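Notes for the one structure printed next.
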Amino acid sequence: MRRAPIALTLGDPAGIGPEIAWRAWRILHHDPGLCFFMLADPQHLARSIEAQAADIPLATINRADEAAAVFERALPVMSLQNPLQAVPGKPDPANAAAVIESIERAVSLARAGEVSCVATNPIAKHVLYEAGFRHPGHTEFLAALCADAGADGATKPPRSVMMLWSEGLAVVPVTVHIPLAEVSAKLTRDLIVETARIVAHDLRRRFRIDTPRLAIAGLNPHAGENGTMGREEVDVIAPAIAQLQGEGIDARGPYPGDTLFHARARAGFDAALCMYHDQALIPIKTIAFDEAVNVTLGLPFLRVSPDHGTAFDIAGKGVARPDSLIAALRLGARLATGKA
């Protein structure tokens, strides 16, 4: 029996999102525990299918609860209102309204309880910026859409955390899209503690891990060598770990980044908190390049996405692999049903 479907967003229509969506449906449409629909332009999607000479039927739906009835025989598509004219490999700011509409409608459906999960195809922020988009990134936009008014009438978005997950490794960058030269100044005890709290909470709530084990990486080589190669471990990271332990969170470290990700080390933790972007993403993309999933923690709904970008360079060439999107959809279904 299929449960509430997953809403899959358009992503940048000039990227590989449309292609990996129908390729994923071709593999998943007989899976009895999974159902998704796409928020897109059916005609644009049909052109993508026709260009690849693929035999993928589409079914236009008006409501999320209509997806399950057609999913086994056709890819359900909920039509967008904004016009869409996209050429593979040629991003165009004129399509920004459709990209944003797709995300907004998916979040609205999730908050209304009409879908079990939101899966997002990759967007190109620089293209949206040209059209007036003002959010730092995709995840920040999702959080902004969840902002609720507080007692003072002001709206505040929830604090979100990016986790990259695979069967063999889950990593969280504490600082994300900032220059490496700025990491030390941005890295604070409060930031580490707040990030770890969200990770521990959602590992319990979403992944059903009773007592999550968090490994905290150091920033400097050899985790600072007791302060001789940098003071961040002594002054910032270790105090954050002590505070987390005092709150009952199983946080350990700081561990040297170069010895944290081999097989024996990975067996000792459920997620690794890393101090900067590449410290987290290099190991998981080395271990699980095609299977890693981006999971957003801290939102009031479940959000997953493939761990890759728009890939404009291969869009429309018939070589895009849907592996990461398939992994994201399967993980979304597992988390939604409590089978993580």
Side-chain angles (χ1 to χ4, degrees), residues 12 103 120 122-130 132-147 156-165 169-200 202 214-224 229-241 243-244 251 253-258 260-261 271-286 289 292-299 303-311:
D12 193 299
I103 298 168
T120 58
I123 63 173
K125 294 187 289 293
H126 71 277
V127 178
L128 298 184
Y129 292 155
E130 291 183 44
F133 189 71
R134 290 291 176 264
H135 299 274
H138 205 159
T139 301
E140 290 86 354
F141 181 44
L142 292 167
L145 293 174
C146 300
K156 183 179 180 181
R159 165 88 158 84
S160 58
V161 169
M162 179 175 74
M163 180 171 76
L164 285 302
W165 176 93
L169 175 64
V171 295
V172 174
V174 175
T175 64
V176 190
H177 296 121
I178 62 173
L180 190 59
E182 297 178 10
V183 169
S184 180
K186 298 288 187 182
L187 194 63
T188 66
R189 172 175 171 171
D190 287 346
L191 178 61
I192 296 170
V193 169
E194 185 180 12
T195 301
R197 285 173 179 160
I198 293 171
V199 174
D202 273 24
L214 306 183
I216 314 295
L219 173 66
N220 297 295
H222 302 182
M229 280 199 234
R231 296 287 306 176
E232 288 85 358
E233 286 77 11
V234 175
D235 297 335
V236 178
I237 303 174
I241 294 171
Q243 181 175 339
L244 290 165
Y255 296 116
D258 63 348
L260 188 53
F261 300 107
L273 271 66
C274 303
M275 297 302 107
Y276 56 94
H277 181 276
D278 284 9
Q279 189 183 52
L281 272 69
I282 287 174
I284 195 164
K285 290 195 175 187
T286 300
F289 186 80
V293 177
N294 186 340
V295 185
T296 304
L297 310 180
L299 296 177
R303 183 262 184 139
V304 296
S305 69
D307 181 28
H308 57 67
T310 52

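Residues take their numbers from the sequence shown, with the count starting at 1. Scope of the values below: all heavy atoms of this structure, side chains included, with no hydrogens, waters or symmetry mates. Keep in mind it's a predicted model, so treat the numbers as computed, not measured.
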Can you tell me how far apart [atom1] ([X]) and [atom2] ([Y]) are? Round to the nearest 0.5 Å.
X	Y	atom1	atom2	answer
Ile198	Ser160	CD1	OG	7.5 Å
Asp235	Glu232	CG	CD	8.0 Å
Arg197	Ile192	CZ	CD1	12.5 Å
Lys125	Thr310	NZ	OG1	9.5 Å
Thr296	Met162	OG1	CE	8.5 Å
Cys274	Leu219	SG	CG	11.0 Å

- prompt: According to the side-chain hydrogen bond (donor to acceptor under 3.5 Å, both in side chains) rule, which pairs have a member within residues 134-146, sequence neighbours left out?
  reply: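 Qualifying pairs, neighbours excluded: Thr139-Arg303.
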How close do [X] and [Y] get, heavy atom to heavy atom, and via which atoms?
X	Y	answer
Tyr129	Gly137	OH-N, 4.3 Å
Leu260	Ala272	CD2-CB, 4.2 Å
Val199	Ala271	CG1-CB, 4.3 Å
Leu169	Ile284	O-CD1, 3.4 Å
Val234	Pro239	O-CD, 3.3 Å
Pro122	Pro306	CD-CG, 4.1 Å

- request: Please lay out, stage by stage, how Val161 and Glu194 fare under the test side chain to side chain contact (heavy atoms under 4.5 Å, CB included).
  value: CA-CA 10 Å; Val161 169; Glu194 185 180 12; over 6 Å; no
- request: Determine whether more than 12 heavy atoms belonging to other residues, nucleotides or ligands lie under 6.0 Å from atom CZ of Phe289.
  value: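 No, not enclosed.
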Using atom types as modelled, flag every donor-acceptor pair under 3.5 Å from a side chain in residues 170-182 to any protein atom, sequence neighbours excluded.
unit_1, atom_1, unit_2, atom_2, d
Thr175, OG1, Met275, O, 2.6

message: Ile241 and side-chain contact (heavy atoms from CB on, under 4.5 Å): which single residue from Leu273, Leu214, Ile216, Val236 fits?
response: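 Option passing the side-chain contact (heavy atoms from CB on, under 4.5 Å) with Ile241: Ile216.
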- request: Please name the residue in the list Val304, Val295, Asp307 that meets the side-chain contact (heavy atoms from CB on, under 4.5 Å) test with Trp165.
  value: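 Answer after filtering Val304, Val295, Asp307: Val295.
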query: Is there a donor-acceptor contact under 3.5 Å from the side chain of Gln279 to the main chain of Gly218?
result: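 It does hold such a pair.
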message: Please check: side-chain N/O of Asp202 versus main-chain N/O of Gly298, any donor-acceptor pairing under 3.5 Å?
response: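 Yes; judged by distance alone, with no hydrogens or angles, the pair exists.
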- request: Report yes if some heavy atom in the side chain of Ser305 is under 4.5 Å from a heavy atom in the side chain of Val293; otherwise report no.
  value: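 No - every pair of side-chain heavy atoms lies 4.5 Å or more apart.
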